Each structure stands twice: as C-alpha cells, then as structure tokens.
Undergrad: 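Here it is, the structure in full.
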Amino acid sequence: MTSSSNFEHGEAIAIAIGGSGTALVGRSGATIVTSDAFAAIGDVESAVSPRWVWWSKETATEFVRSGIRPLRCWDLAAVHRLLEGGWRGDPGRVWALRRGLDPGDAPPRRGNVDLFTVVDDPDRPVLGTGHLHPEWAHGSWRGDVDRTRRWAELALDVQRWQAETLARLADHPTALTTARSESAAELLCAELETDGLPLDRAEAERIIATFIGDRPLDAADERRATAERDERVLLHLGAASREGIDLRNPASVKSLLRRVGIEVDDTRAWRLERRRGDHPIVDAILDWRRAERIATTFGYRWLDQHVGDDDRLRGTWSASDGAAGRMTATAGLHNLPAELRPAIAAEAGHVFVRADLGQIEPRILAAVSGDAALAAATAQHDMYAPVAAELGVEREVAKVAVLGAMYGQTTGHGAAARRELERAYPVAMDYLTRAARRAEGGNDLRTHGGRLVRMSTSGPLGAGTDEGRTRAAARGRYGRNALVQGAAAEFFKTWAAVVRARIAPAQIVLCLHDELLVHTPAHLGSVTAGAVDAALTEAAVHWTGGRPTVRFVADTAVVDRWSDAC
DNA sequence: TGCGGCTATTG
DNA sequence: CACAATAGCCGCAG
C-alpha cells in the first residue's frame, strides 16, 4: 500500500516509470518510490488529482494502457515544442533549452568505448558541459531506482523553468494556459491511439467493393483485377496507340490524351473534369483514378493494416505537428474519403456526438487581432452575413475575400472586396499584413497562445532575384496563415481538453482540426452533446484568459454514423 | 535506396 | 487549386 497523504491537492508531481521502480516527486518535496507503479498512480490520482509531469507522451501511453486517465498533466516535450517551435521534443533538446545550451553541441551516445575514452559518471545525469548525459537521454535512468528518482526530479526542475519562462513571455499572457492544453492534447493523442475509431467492417468492405470489386483471393487475382481496371480505360484506344501507355505515369496519360486530340498542361482531376465531353476516355480516366486511389490507399490492405480485431481504426497521433501546431494523424484518420465515412459507425448500444466549430478561422482572427468590428460580426451564427452587408457584396464574395486575406491570396477577382476589407476591418487586416511582412524578412513569429513559428531556419532569404522574391512571398503567406491556423489549433485543443474532462464515461475518438467525434452510450447521447456545447463556452474563457471578445459556435448532433449530418 | 514531382484525399 | 496535412507511385540520381 502506498501513501499519498504527503502530497498536496493539485500539486505538480513528476513521474518516472523505470524498470526497477517508479518515482513520484512532488513540488512540495514529498516523494514516493515504489515497485507497484500503477497502484501508486491510481491512489495519488484519486487522492490529490495532481498535475502529472512527464517527459513525453510515452508515459501518457503507459497511464492509458494501465486504465488510468488522469485529469491534468504537463508534457515537457509538448511545452518544449510550444517554446521552440518545430516537432522535436527529445529529453536532450528539452534539457539543453532549459540550460540555455545549443542542442547541437550535445555529445552523441558512445559507440565503442576504447582505452582513451573518458567515461562520464553514469550515475550523474548532467555532464560537465551542462548537457544531459547521452545514456540518460537514451533511457539508462530506467535501470536503477535511484536514477529513476533523479530523472523525475529533473523533470520537475524543467517543468518549473518552462512555466516561469512561459509566464514571462511578453505579449502572450495565455501562454501558460496553452502549455496546459497542449499537454492535455498530447494525453488525448495517447488515448486516441489506444482507443481507436469504431468502424463497421462489413460496411467498409461493401464500400470498397463498389470501387474495386470483392477482396482478391491472392496476388494473382489482385493483378487480374488491376489489369481489368486498366483495360476499361485502354479499350477506348486503338490497338496501335495503346502501346506503352502507363496510366500510373502522368506524362504517359498526357500523351494518351494527346492521341485522342486533348491537350492539357497537367492531368489533375479538376482540369480533366472540364474536358469530360471531349472524349469518353476522359470519364474512364477519372473513374479509374477514383478506383486506383481506393485500391492503393484505402482498400483491403488499409483495412487489414489499420483496423484491429476489435473493429477499431488506429493510427499515430501528434498533438502539434508541422507549421502552426495542428494535430496530425496517420492511417487515413484525417483524410478519409467522404465515400468511406459511412463505415465509421458507433458500436451497438452507443452513438456518436459529432460537433463542428463554425467559421473558426475568421473568428480566431477577430480575437487575436483585437478587431472590434470583426468581433462584432462573430455575434452572428453566420459571421459572413454581417461582413457581406458591411462590404456591400454577396455573402460568397465576402467569404472568399476573408479566406483569401488569411491565406495571402494575391490573384483572383476579389480585389475590390479586398479594399473594402481593409476599410471595414483595418485592425484585422493590419495584423495579417504585419505577420506577413515579418515572415517575409525571415523573422520568427509567435501565435497568440505563444507557439514559436520558426522562419529563420527555412533556407536562404534572398530578395534581389525573382526567385528570392517568390520565396519571400511564400514565407509571407506561410507566416500570415500560421498565426491564424495556429491560434485556431490552440483553441481547438483547449476545447477538446475541456470536452475530455467533462464527458466521462464518453470518449473522444476523433479530432479533425475543427471537428470532434465523441463515442458515448446511447442513453447519454443528448447529455454528452450538451456537455460538448457547454465546453465551448468554457474553452473560450480559458483560451482568452477570462475575457472572450468573440463568439464561438458549434453545430452538434447525435448520430449513428460519421457521415450523418450535423 | 532516397528524393522530388505529380496526384489524390481531407480541414 | 491560396494555407495546412498524409500517402501512394513514378522517374531519376547515387
């Protein structure tokens, strides 16, 4: 039996789960070292509900797999990504930043130790240079219980430094809040990976079959089916002109089209779409492309690789990847073709609560730029309606103009609407323009919530040449969009974290940039939907640091299948 | 075998 | 066909 009575309610407790023991070290100084990790964790969680401090999602996954779903955490790797940008968060880098060192100077792990090697003391985690001992960074802290305790103490040290650093971050007063929600998102990713997304396998197979036929019996059968699909395109050509045509090679498709009198710059679907009437082979190619996509990416192989015996679709989740810190997922979880979505179905006796944020990016722009006029427009469920009225244009024109402004669009016929935007919402437009200008010059940016968007390490700047100007303009669009998309991602994760905390026993099973899918017992459907909506208001308070200036809206529905409308 | 180009899907 | 992502196949360089 372990004793959690020495810990204080809600305090930060660092945890390191080693091979010969687990260490819990509280901010108050209370410490538990135990060989029964999960009894201790469960005990402490229910007794004092701490903010668990761990080095990375690995530990979160160990919690989840042991059936423990803690309320609060602090993920050093996730917070490191917030402070430093990018996707890396290994202990060596996290520690180097805490000590103000260049992570590139950290020594590599020793390969072959010879007579002349100076062996660092394996019991000391920090080298004379201040860098983390490479063996510790690689996991040697697991092997010895004293080292495991030391590893937890180091985590607590880094956590304090990260929190102080975020609290001092000028112009980003909500950065500490962001650190907590980013940590929660990382924990949520561990849960998403463990739980998976419920899938109706029979329905999935039925849909796949409509594109590429029944499941092939063997490799030869699969080759035969492939050849038959190819044939349905090639039969439109004469025996001579079909020689050497490879439908999987765009250049070959281009020459195929030339043989039937169709000249195109490239063979993208939207271009071919316009030439449908020119020759029946165009239709055949477009059908072939759709089937080929299912066959290669979302077919029986995909099903076998990513759907478990429990009929759950699983992929790898990242809480903040890429430019602006959006969540990403593999295994098709973020780009599943609409045709396959009817296969995502709640289990028997369960329903989904599906919730979509409405017009999240322009609402976020209104909030982060502090544009009172644009913020006023967010009072409407459809904020493009008042914007269109203000600009004196059709709703669709207003929408394209606003999106174009956020993406940095330079072409198109929205020039007049663009000038009206500058007049009506100068504060928001200035926010975007300043972000673009700074990014063009290669200056790093930070999102509203404090995430660093690195512009300084993305290659040569260049300005004098055409190519240099093109690259600078691309950087400008990238930076301009990153501040909106990144802040939207932070808001979404805040919402997801609040939902997660409020919906037990329901579970979030999918996060998709502005959409949540929650799996819940059928009798709790409407209760859960209500909690998801209420969480939006709560998230807005958290994300703004207490004073929401814009209204956020969600469309929420209780459905059986993902494809069912909100 | 690794990488850039092309293509598809999604928000 | 702007901004972001994952992922497949092809051709080509090493």
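Scope of the values below: all heavy atoms of this structure, side chains included, with no hydrogens, waters or symmetry mates. It should be emphasised that the depicted structure is a prediction, and the values quoted were computed from it without experimental measurement. In what follows, chains carry the letters A, B, and so on, assigned in the order in which the sequence lines appear, proteins first and then strands, with residues in each chain numbered from 1.
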Undergrad: Mind listing the residues from residues 180-219 of chain A sitting with a heavy atom below 4.0 Å of DNA chain C? Number order is fine.
TA: none
Undergrad: Looking at residues 279-289 of chain A, who's got a heavy atom less than 4.0 Å off DNA chain C?
TA: none
Undergrad: Give one of base, sugar-phosphate or nothing for A/Ala489, where a contact means two heavy atoms less than 4.0 Å apart.
TA: nothing
Undergrad: Considering residues at least two apart in sequence or located in another chain, which fulfil the ring-ring contact (aromatic ring centres under 6.0 Å, His included) criterion with A/His334?
TA: A/Trp317, A/His513
Undergrad: For A/Asp283, give me all partners under side chain to side chain donor-acceptor pair (under 3.5 Å), at least two apart in sequence or on another chain.
TA: A/Arg276
Undergrad: Report the residues that fulfil side chain to side chain donor-acceptor pair (under 3.5 Å) with A/Thr528, sequence neighbours left out, ordered by chain and then residue number.
TA: A/Thr520
Undergrad: Side-chain donor-acceptor contacts of residues 201-211 of chain A below 3.5 Å, not counting sequence neighbours, with atom names and distances?
TA:
{"unit_1": "A/Arg201", "atom_1": "NE", "unit_2": "A/Asp311", "atom_2": "OD1", "d": "3.1"}
{"unit_1": "A/Arg201", "atom_1": "NH2", "unit_2": "A/Gly308", "atom_2": "O", "d": "2.8"}
{"unit_1": "A/Arg201", "atom_1": "NH2", "unit_2": "A/Asp311", "atom_2": "OD1", "d": "3.2"}
{"unit_1": "A/Glu203", "atom_1": "OE1", "unit_2": "A/Arg206", "atom_2": "NE", "d": "3.2"}
{"unit_1": "A/Glu203", "atom_1": "OE2", "unit_2": "A/Arg206", "atom_2": "NH2", "d": "3.1"}
{"unit_1": "A/Glu205", "atom_1": "OE2", "unit_2": "A/Arg215", "atom_2": "NH2", "d": "3.1"}
{"unit_1": "A/Thr210", "atom_1": "OG1", "unit_2": "A/Ile207", "atom_2": "O", "d": "2.5"}

Undergrad: A/Glu243: what forms a salt bridge (Lys or Arg N to Asp or Glu O under 4.0 Å) with it, not counting sequence neighbours?
TA: none
Undergrad: Classify the side-chain pair A/Glu490/A/Thr447 by whether it contains a donor and acceptor separated by less than 3.5 Å.
TA: yes
Undergrad: How would nucleotides 1-8 of chain C be written as a contact map, 5' to 3', with B for base contact, S for sugar-phosphate-only contact and - for no contact, using protein heavy atoms under 4.0 Å?
TA: BBBBSBSS
Undergrad: Once salt bridge (Lys or Arg N to Asp or Glu O under 4.0 Å) is applied, do any residues pair with A/Arg500, and if so which ones, sequence neighbours excluded?
TA: A/Glu191
Undergrad: Which two nucleotides bound the region of DNA chain B that has atoms under 4.0 Å from heavy atoms of chain A, read 5' to 3'?
TA: B/dC6 to B/dG11
Undergrad: Below 4.5 Å, heavy atoms only, C-beta onward: do A/Arg354 and A/Asp564 meet side chain to side chain?
TA: no
Undergrad: The criterion is salt bridge (Lys or Arg N to Asp or Glu O under 4.0 Å); which residues satisfy it with A/Arg418, sequence neighbours excluded?
TA: A/Glu422
Undergrad: For atom CG of A/Asp171, decide whether the heavy atoms of other residues, nucleotides or ligands shown that lie under 6.0 angstrom number more than 12.
TA: no
Undergrad: Using a cut-off of 4.0 Å on non-hydrogen atoms, how would the nucleic acid contact of A/Arg301 be classed: base, sugar-phosphate, or nothing?
TA: nothing
Undergrad: May I ask you to test the A/Leu516-A/Cys511 pair for a side-chain heavy-atom distance under 4.5 Å?
TA: yes
Undergrad: With sequence neighbours excluded, what pairs up with A/Arg229 under the salt bridge (Lys or Arg N to Asp or Glu O under 4.0 Å) test?
TA: A/Glu292
Undergrad: Once you round to the nearest 0.5 Å, how far does CG of A/Asn335 lie from CG of A/Leu512?
TA: 9.5 Å
Undergrad: When the distance from CG of A/Asp230 to P of C/dC10 is rounded to whole Å, what number comes out?
TA: 11 Å
Undergrad: Using a heavy-atom cut-off of 4.0 Å across all strands, would you classify A/Thr267 as base, sugar-phosphate, or nothing?
TA: sugar-phosphate
